[in-house]
Amino acid sequence: MVAVQEARGNLRTLRHLLKVLGDDWAFILTDVTLGKEGNGEPLAFLFDTRRVKPSGLACELVVPLKQDAGVSAGELERQFARTPYAASFLSQGQTFTLVTLHVLFGGHAAEQVPELTATAKWLASWAEREFG
């Protein structure tokens, strides 16, 4: 399993990588995020089909800011410029969900802490609701 960020709108490089990896490799890809902050960059998961299979879930995560989402006011003041991407897979009888998140680059790493903290809290709440 490999999460790929900044795959860019032109998928030639990604397709070339799959050719190099071999016929047993596949990918699941988001649509591009338009606008300056999205930079036309889709997110992807590459996987070896001999080891894992998609199990049905593929989604972009959107935090409901107006509802109780387990995120305090001010922790996440807007939706993501690049929406986190989740996909579930099956391997050896076990289902698991992976999430990849590409935060905006800022002047200082500390600028990402509130967004990352809010995202981690929301993901924990989501996992508890979905999987107990």
Side-chain angles (χ1 to χ4, degrees):
M1 295 290 319
V2 179
V4 177
Q5 299 177 351
E6 298 189 15
R8 301 288 178 182
N10 183 336
L11 299 179
R12 280 185 293 185
T13 304
L14 186 59
R15 291 188 190 285
H16 179 72
L17 176 59
L18 284 175
K19 188 183 289 188
V20 170
L21 290 171
D23 292 339
D24 294 314
W25 283 79
F27 66 91
I28 297 175
L29 181 74
T30 65
D31 193 7
V32 298
T33 302
L34 299 176
K36 179 184 169 210
E37 292 176 333
N39 203 24
E41 298 172 349
L43 303 175
F45 288 108
L46 277 66
F47 55 96
D48 184 338
T49 60
R50 296 168 296 184
R51 310 264 332 240
V52 287
K53 305 275 186 234
S55 66
L57 173 73
C59 63
E60 295 182 44
L61 304 176
V62 178
V63 176
L65 298 178
K66 303 278 185 209
Q67 301 172 7
D68 180 22
V71 177
S72 301
E75 282 184 308
L76 188 60
E77 296 181 13
R78 58 173 171 69
Q79 287 298 329
F80 305 101
R82 299 173 181 127
T83 311
Y85 183 45
S88 64
F89 298 90
L90 178 66
S91 180
Q92 298 180 0
Q94 296 292 316
T95 299
F96 60 96
T97 302
L98 298 178
V99 176
T100 183
L101 168 65
H102 186 227
V103 297
L104 285 176
F105 179 76
H108 304 285
E111 293 175 10
Q112 281 84 36
V113 171
E115 181 178 21
L116 292 172
T117 300
T119 303
K121 286 180 183 179
W122 186 83
L123 284 172
S125 172
W126 177 66
E128 183 63 30
R129 278 191 321 274
E130 294 296 317
F131 308 109

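Quick note: residue numbers are just sequence positions, from 1. FYI, side chains are in, hydrogens and waters are out, and symmetry mates aren't considered; it's all heavy atoms of this structure.
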Side-chain heavy atoms nearer than 4.5 Å, only ILVMFWY residues, links allowed to pass through others: does that put Leu123 and Leu57 together? yes

Starting from the C-alpha separation in whole Å, work towards a yes-or-no answer on side-chain contact (heavy atoms from CB on, under 4.5 Å) for Asp48 and Leu21. CA-CA 9 Å; Asp48 184 338; Leu21 290 171; over 6 Å; no

Honestly curious: do Leu101 and Val113 fall in one hydrophobic cluster under the side-chain, below-4.5 Å linking rule? no

For Phe45 and Phe89, take the angle between the two ring planes, folded into 0 to 90°, and tell me which bin it lands in: parallel under 30, tilted 30 to 60, perpendicular over 60. perpendicular

So, the side chain of Thr49 versus the backbone of Asp24: is there a donor-acceptor pair under 3.5 Å, distance only? yes

Can a side-chain donor-acceptor contact be found between Ser88 and Ser55 if the only test is distance below 3.5 angstrom? yes

Keeping Thr100 on the side-chain end and Tyr85 on the backbone end, is there a donor-acceptor pair under 3.5 Å? no

Test of understanding: clusters of I, L, V, M, F, W, Y form through side-chain heavy atoms closer than 4.5 Å, transitively. Do Val2 and Leu11 belong to the same one? yes

Do Trp25 and Leu17 have side chains that approach each other closer than 4.5 Å (heavy atoms only, starting at C-beta)? no

